[in-house]
Number of protein chains: 2
Amino acid sequence: MNPSTSTESSAASSVPEQPKRLKLISWNIDGRNAENIKSRTEGVQGVIANEKPDIVFFQEVIPWSFAYLKGVFDETYECIAGGDAGYFTAAMVKKATVKLHDFYLQPFYSSKMGRNLLILQTEVTSSGIPLLLMTSHLESSNVEGSERKNQLKKAFEEMKVADSKYTVIFGGDMNVRDSEIVQIGGLPEGISDLYEVTGSRPECYYTWDNARNDNLYFPQRVKSRFRFDRAENRYVLLCHWRLDPDTVLAHLTNHE
Amino acid sequence: MNPSTSTESSAASSVPEQPKRLKLISWNIDGRNAENIKSRTEGVQGVIANEKPDIVFFQEVIPWSFAYLKGVFDETYECIAGGDAGYFTAAMVKKATVKLHDFYLQPFYSSKMGRNLLILQTEVTSSGIPLLLMTSHLESSNVEGSERKNQLKKAFEEMKVADSKYTVIFGGDMNVRDSEIVQIGGLPEGISDLYEVTGSRPECYYTWDNARNDNLYFPQRVKSRFRFDRAENRYVLLCHWRLDPDTVLAHLTNHE
DNA sequence: CCGTCATAG
DNA sequence: CCTATGACG
Ligand SMILES: [Mg+2]
Ligand SMILES: [Mg+2]
């Protein structure tokens, strides 16, 4: 059991006075699956408590698990939910290091699954660096590729039009295939993928691996795996990232 | 009603003494549809008689229509069938201009639809230019993309390994999407697409258009269209092609 | 939230 | 030989 994307950043050399690091975790905690939801959520709590990330992006929290995690972390983190029924995204920012100024939702109007974009306007407290945080759980399943590509384009558009003061981080469960990125014309100018900019290390590639995670069982001879969970970055000042392969264990997220 | 791909070539300038032109037609004549099969096949006959192509690639001939067309054109064309049951491909080469030396089939072993590759070893009579002609009707339907891509790769391989004396033309109903070409890594080095090398004229793009051809009716609000029919070329001497938009009318092939 | 297949529109 | 949906492995 592990979050699917865990990264750390350091500030660019133009702000050398305090090489501040930020730790980011993105994690689909499989709220669509009721099985062991209590113990799995306790496991999530344990990882967050150990890792002490500055920023957390969740997908598939449910009302119960959001209340639980907010109950645990309310003193140390701002906890923001992207919905209040079914399953939805959430974001947590560590009060000690990141100042939350505002947050809002951008709906995906043609989503059949109630998906949206959760956006937080924040600031790195120590340096004053403005940070726009975005997370989403894009339309699931291969057959919804067309809707998903539209959602991804809208998210990229949101990154591009953000105030130029912001370093923008868009991370989450994008359910996206590499071929779909090609089909929408690749990443827009100025936006980079954290897996790629950290050297495309093979051990960090798969974030959803049906051979390593039995949370969802499909009776296939050859198991499927994808890089569904990603983080895209429009950087202004924060730019050195490191991807942690141990916490990129294939959505290991879902299962305890 | 029109063939989907009609092209003419002229010899490269290195053989200037006789700027020989060749006319090629590729045409899926919709033998999977029994409706009006007789009158539609007579329509095919009429177009071939008018256009007098040097080379014809057919897909979806059936035993009856092959016998009919061979009966009509046997004196002026070599008529080769790629099968003898159900529906299959066929090729015709005009005896007056193209010499047929041999022909053979390459099976697609994992085809669920009995598809294969029909290959003719020929020679342009006037110039002696060796010409390898290949046609196929690659696996149909969107969901068979994986099988179809394998078939296409095998066909490209066949083009690449052909004796270097040959100019190779592979034309037919490839049922292929542009994205699938990208997924197999694009056209191999040395192979070019006749639509592209003739300037990618938009009026020649769609060869299967459900809005312009009611042979197959689907109750969709927005009709689909694709460039299913293509011709790929590994040229040695023949290299100047012209695509005829009037005969590229969207598989108009199928319907009279 | 996989890949494959069948069916309806 | 389209797209959308749902069942099944
Ligand atoms: Mg899930
Ligand atoms: Mg057909």
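Numbered from 1 within each chain, the chains take letters A, B, ... in sequence-line order. All values reported here derive from a predicted model rather than from experimental measurement.
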What is the distance, to the nearest angstrom, from the [atom1] atom on [X] to the [atom2] atom on [N]?
X: B:Q220; N: D:dT5; atom1: CD; atom2: P; value: 12 Å
X: B:Y206; N: D:dC1; atom1: OH; atom2: C1'; value: 17 Å
X: A:D173; N: C:dC1; atom1: CG; atom2: C1'; value: 10 Å
X: B:D209; N: D:dT3; atom1: CG; atom2: C1'; value: 16 Å
X: A:N210; N: C:dG3; atom1: CG; atom2: P; value: 10 Å
X: B:F228; N: D:dC1; atom1: CZ; atom2: C1'; value: 7 Å
X: A:M113; N: D:dT5; atom1: CE; atom2: C1'; value: 12 Å
X: B:E147; N: D:dC1; atom1: CD; atom2: P; value: 14 Å

Identify which nucleotide among [options] has an atom closest to any side-chain atom of [X], counting heavy atoms from C-beta outward.
X: A:S224; options: D:dT3, C:dG3, D:dT5; answer: C:dG3
X: A:R32; options: D:dT5, C:dG9, C:dC1; answer: C:dC1
X: B:N28; options: D:dT3, D:dC1, C:dC2; answer: D:dC1
X: A:N142; options: C:dC1, C:dG3, D:dT5; answer: C:dG3
X: B:W208; options: C:dC2, C:dG9, D:dC1; answer: D:dC1
X: A:P219; options: C:dC2, D:dG9, D:dT3; answer: D:dG9
X: B:S141; options: D:dC2, C:dC1, C:dC2; answer: D:dC2

**Message:** Show, in sequence, the C-alpha distance, side-chain angles and deciding distance for A:Y205 and A:Y195, and conclude whether the ring pair (Phe, Tyr, Trp, His ring centres under 6.0 Å) test is met.
**Reply:** CA-CA 7 Å; A:Y205 187 82; A:Y195 166 78; 5.5 Å; yes
Measuring to OP1 and OP2 of [N], would you say a side-chain N or O of [X] lies under 4.0 angstrom away?
X: B:S140; N: D:dC1; result: yes
X: B:K112; N: C:dC5; result: yes
X: B:N175; N: D:dC1; result: yes

Students often get this wrong, so: under 4.0 angstrom with heavy atoms, is [X] touching a base, only sugar-phosphate, or nothing?
X: B:Y217; value: nothing
X: A:R225; value: nothing
X: B:R177; value: sugar-phosphate
X: A:R221; value: nothing

**Item:** Exercise: do B:D229 and B:N28 side chains pair donor with acceptor under 3.5 Å
**Value:**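 No, no side-chain donor-acceptor pair sits under 3.5 Å.
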**Item:** B:Q59 side chain to B:T135 side chain, donor-acceptor N/O pair below 3.5 angstrom
**Value:**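 Per modelled atom types, B:Q59 and B:T135 side chains form a pair under 3.5 Å.
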**Message:** Is it the case that over 12 heavy atoms from other parts of the model lie below 6.0 angstrom from the CZ atom of B:F103?
**Reply:**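 Counting other residues, nucleotides and ligands, CZ of B:F103 stays at 12 neighbours or fewer.
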**Message:** Counting only heavy atoms from other residues, nucleotides and ligands, does the tally under 6.0 Å from CD of A:Q220 exceed 12?
**Reply:**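 Yes - once you tally the heavy atoms of other residues, nucleotides and ligands closer than 6.0 Å, there are more than 12.
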**Message:** Just so I know, are the side chains of A:F88 and A:P63 near enough to count as touching, which here means a heavy-atom distance under 4.5 Å?
**Reply:**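 They are in contact (side-chain heavy atoms under 4.5 Å apart), so the answer is yes.
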**Prompt:** C:dC1 and D:dG9: how far apart are their C1' atoms, nearest whole angstrom?
**Reply:**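 To the nearest whole Å, 14 Å.
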